[in-house]
Amino acid sequence: MRGLGWAPVHTIGEVLRGTLAGQHVQLRGWLHRNRASGQIAFPQLRDSTGVIQCVARRDSLSPEQFDAIAKLLPESSLRLQGMVRADPRAPGGFEVAVDGIEVVAAVDPARPFPLRGDEGDEFLLDNRHLWLRSTSMTAALKVRAQVFRAIDDFFAQEGYYEVQSPSFVSGACEGGSTLFKVEYGDEEQKEVYLTQSWQLYAEAMVQGLEHIYTVAPSFRAEKSRTRRHLTEFWHCEAEAAWMGNDGIMEVEERLIFHIVDWCLRTVAPELTALGRDLGTLRQVRLPFPRYRYEEAVELAASKGAEISMGEDFTYAVEKILTGDLTVPIFITHFPTAIKPFYHRPDPADPTHVLCNDLLAPSGYGEIVGAGERCVTLEELLARMQKQGIDPAPYEWYLDLRRYGAVPHAGFGMGIDRVVAWICGADHIKNVVPFPRMMRRVYP
RNA sequence: GCCGUCGUAGCUUAGCGGUAGAGCGCUCGGCUGUUAACCGAGUGGUCGCCGGUUCGAAUCCGGUCGACGGCGCCA
């Protein structure tokens, strides 16, 4: 550049912070928008930290360089350098007066970048690989990254071991119709399934490590077409020995609080950019309200929901129950009949199980499902028999009860749903880079 | 699986029985401070597919495929 070499590389975020005013910097990124007239051009440059307006004048560049920048199409990559200066006319308050550019890869005018942001859902999903560079997607993915980091930070602090469980599983553990079958190529084991939960494996590992967690994908073949379902979702699951339903609820709410607090401290600008009201999010405080199943049914009914005792909560009821809330709520002690076999019946009232669901506010749905597990072999077999489940494939699971099983509890949290709630997203797919849904596996 | 809505240029869409229109994009030209820049010209569509009704179908009817949204179920 004018024989002086390139200036030191900086990020756009650093420039927008204002401390570089008056300095000569090099920026690298993608052309976000471009406006040009015969003598002056305003290329907006984007990198992972932000977007900044640059000013290119014909008299500050060689004719070749000016023409190159003036004709460059959006999403071309380039590096440029120039003087940083404050200017009230620039969006963001700072701009770069360009004195040198190098086009890295120019977009072909025969195939201009197809996205601007006002396209329809289908088109944006078909072009997901390109839409991911939009400011809204990158903001959501930055929040998502911090949620994952907060989870690891929380469990490290709590002394939990991270453990990995298999994704290929042999048995249908709950609701066989929602399992994905996979060809497995062995004569004796031709078919296996993709995991829906690590839980049964966790119950084995917890007898050795006592406090464990995992962050892994789970798969559900439900034909769900809703704003909160994916066929492949990220599951944060934890299991703890010597812990009951009350104890695990405290872990759940502290985890959720930690995640929210962490996000408020690390990605507040991104949340604001996504339109999230931070004041509402700041209202998340411990402890979360707890309702026994019957109380929750009555509360929902008093708000006008149609539900009768003994029924499970439908989404329509959940929406009424949580629509006017700003914090998550627990529902505990569900009727035994409507919960899976591994939940432990309450010794004080065996018609209910020691379990809890955590519902996110504003209709984001159930974000955590949890409970205390059956401890004795007799209890477990009785529950399986009552639900018509063949114990044969669960022999190893039953074994766990034969060798010193201790009281234990665990939970599964839908990370994508948590991110969707924190971001205030309209749809869970808006916070997942390549969402997998029943009718969408491309790109 | 069920219910709903929708498939017209690269995108967003108008037209809803009589030879297919616009905005954006892209190309060319103009413009020395633009903010979804502007001005002028150009480019671009066998109206998802199959069949039926009709003198005539993007338009009406039947089917089919696809997409999106919602429900049941779940995290």
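Lettering of chains follows the sequences in order, A, B, ..., and the numbering in each one begins at 1.
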Students often get this wrong, so: under 4.0 angstrom with heavy atoms, is [X] touching a base, only sugar-phosphate, or nothing?
| X | value |
| --- | --- |
| A:Gln44 | nothing |
| A:Leu125 | sugar-phosphate |
| A:Glu237 | nothing |
| A:Ile415 | nothing |
| A:Gly365 | nothing |
| A:Asp87 | base |
| A:Pro114 | nothing |
| A:Gly412 | sugar-phosphate |
| A:Val418 | nothing |
| A:Phe233 | base |
| A:Ile40 | base |
| A:Ser218 | nothing |

What is the distance from [atom1] of [X] to [atom2] of [N], rounded to the nearest Å?
| X | N | atom1 | atom2 | answer |
| --- | --- | --- | --- | --- |
| A:Tyr442 | B:rG66 | OH | P | 18 Å |
| A:Phe66 | B:rU32 | CZ | P | 10 Å |
| A:Arg227 | B:rG69 | CZ | C1' | 9 Å |
| A:Met437 | B:rC68 | CE | P | 6 Å |
| A:Glu366 | B:rA75 | CD | P | 5 Å |
| A:Asp126 | B:rG7 | CG | P | 17 Å |
| A:Glu119 | B:rG23 | CD | P | 18 Å |
| A:Glu318 | B:rA75 | CD | P | 10 Å |

Check ion pair [X]-[Y] (N to O, under 4.0 angstrom):
| X | Y | result |
| --- | --- | --- |
| A:Arg440 | A:Glu122 | no |
| A:Arg373 | A:Glu239 | yes |
| A:Arg46 | A:Glu75 | yes |

Looking at [N], does its base get a donor-acceptor pair with the side chain of [X] below 3.5 Å?
| X | N | value |
| --- | --- | --- |
| A:Arg220 | B:rG72 | no |
| A:Arg440 | B:rC68 | no |
| A:Arg57 | B:rG33 | yes |

>> For A:His235 and A:Asn34, find the nucleotide of RNA chain B closest to each by heavy atoms; which residue's nucleotide sits nearer the 5' end?
In response: A:Asn34

> Pick the nucleotide of RNA chain B nearest each of A:Tyr315 and A:Trp234; which residue has the one closer to the 5' end?
Replying inline: A:Tyr315

> Which heavy atom of A:Cys423 sits nearest a heavy atom of A:Leu271, and at what distance?
Replying inline: CA-CD2, 4.0 Å

> Below 6.0 angstrom between ring centroids: does that apply to A:Phe233 and A:His235?
Replying inline: yes

Should [N] form a Watson-Crick or G-U wobble pair with both distances under 3.5 Å, which nucleotide is its partner?
| N | result |
| --- | --- |
| B:rC38 | B:rG30 |
| B:rU59 | none |
| B:rU43 | B:rG25 |
| B:rA9 | none |
| B:rC2 | B:rG70 |

> Would a 4.5 Å heavy-atom cut-off, applied to side chains only, mark A:Gln39 and A:Asp59 as touching?
Replying inline: no

[N] and [M]: how far apart are their [atom1] atoms, nearest whole angstrom?
| N | M | atom1 | value |
| --- | --- | --- | --- |
| B:rA14 | B:rU8 | C1' | 10 Å |
| B:rC60 | B:rC47 | C1' | 16 Å |
| B:rC61 | B:rG7 | P | 14 Å |
| B:rU13 | B:rG25 | C1' | 14 Å |
| B:rC38 | B:rU46 | C1' | 37 Å |
| B:rC26 | B:rG44 | C1' | 10 Å |

Using the side-chain heavy atoms of [X], tell me which of these nucleotides is nearest: [options].
| X | options | value |
| --- | --- | --- |
| A:Pro74 | B:rC26, B:rC71, B:rG69 | B:rC26 |
| A:Lys429 | B:rG69, B:rA67, B:rC73 | B:rG69 |
| A:Ala316 | B:rG33, B:rG25, B:rG72 | B:rG72 |
| A:Arg417 | B:rG33, B:rG70, B:rA75 | B:rA75 |
| A:Arg89 | B:rC68, B:rA75, B:rU34 | B:rU34 |
| A:Thr226 | B:rA75, B:rU32, B:rG72 | B:rG72 |
| A:Phe42 | B:rC68, B:rC73, B:rU34 | B:rU34 |

>> Parallel, tilted or perpendicular: which one describes the rings of A:Phe330 and A:Phe288, with boundaries at 30° and 60°?
In response: tilted

> So A:Tyr293 and A:His352, would you call those rings parallel, tilted or perpendicular, with 30° and 60° as cut-offs?
Replying inline: tilted

Does a nitrogen or oxygen in the side chain of [X] sit under 4.0 Å from OP1 or OP2 of [N]?
| X | N | result |
| --- | --- | --- |
| A:His229 | B:rC73 | no |
| A:Ser37 | B:rU32 | no |
| A:Arg58 | B:rG33 | no |
| A:Lys71 | B:rC26 | no |

> Is a side-chain donor-acceptor pair under 3.5 Å present for A:Gln283 with A:Thr326?
Replying inline: yes

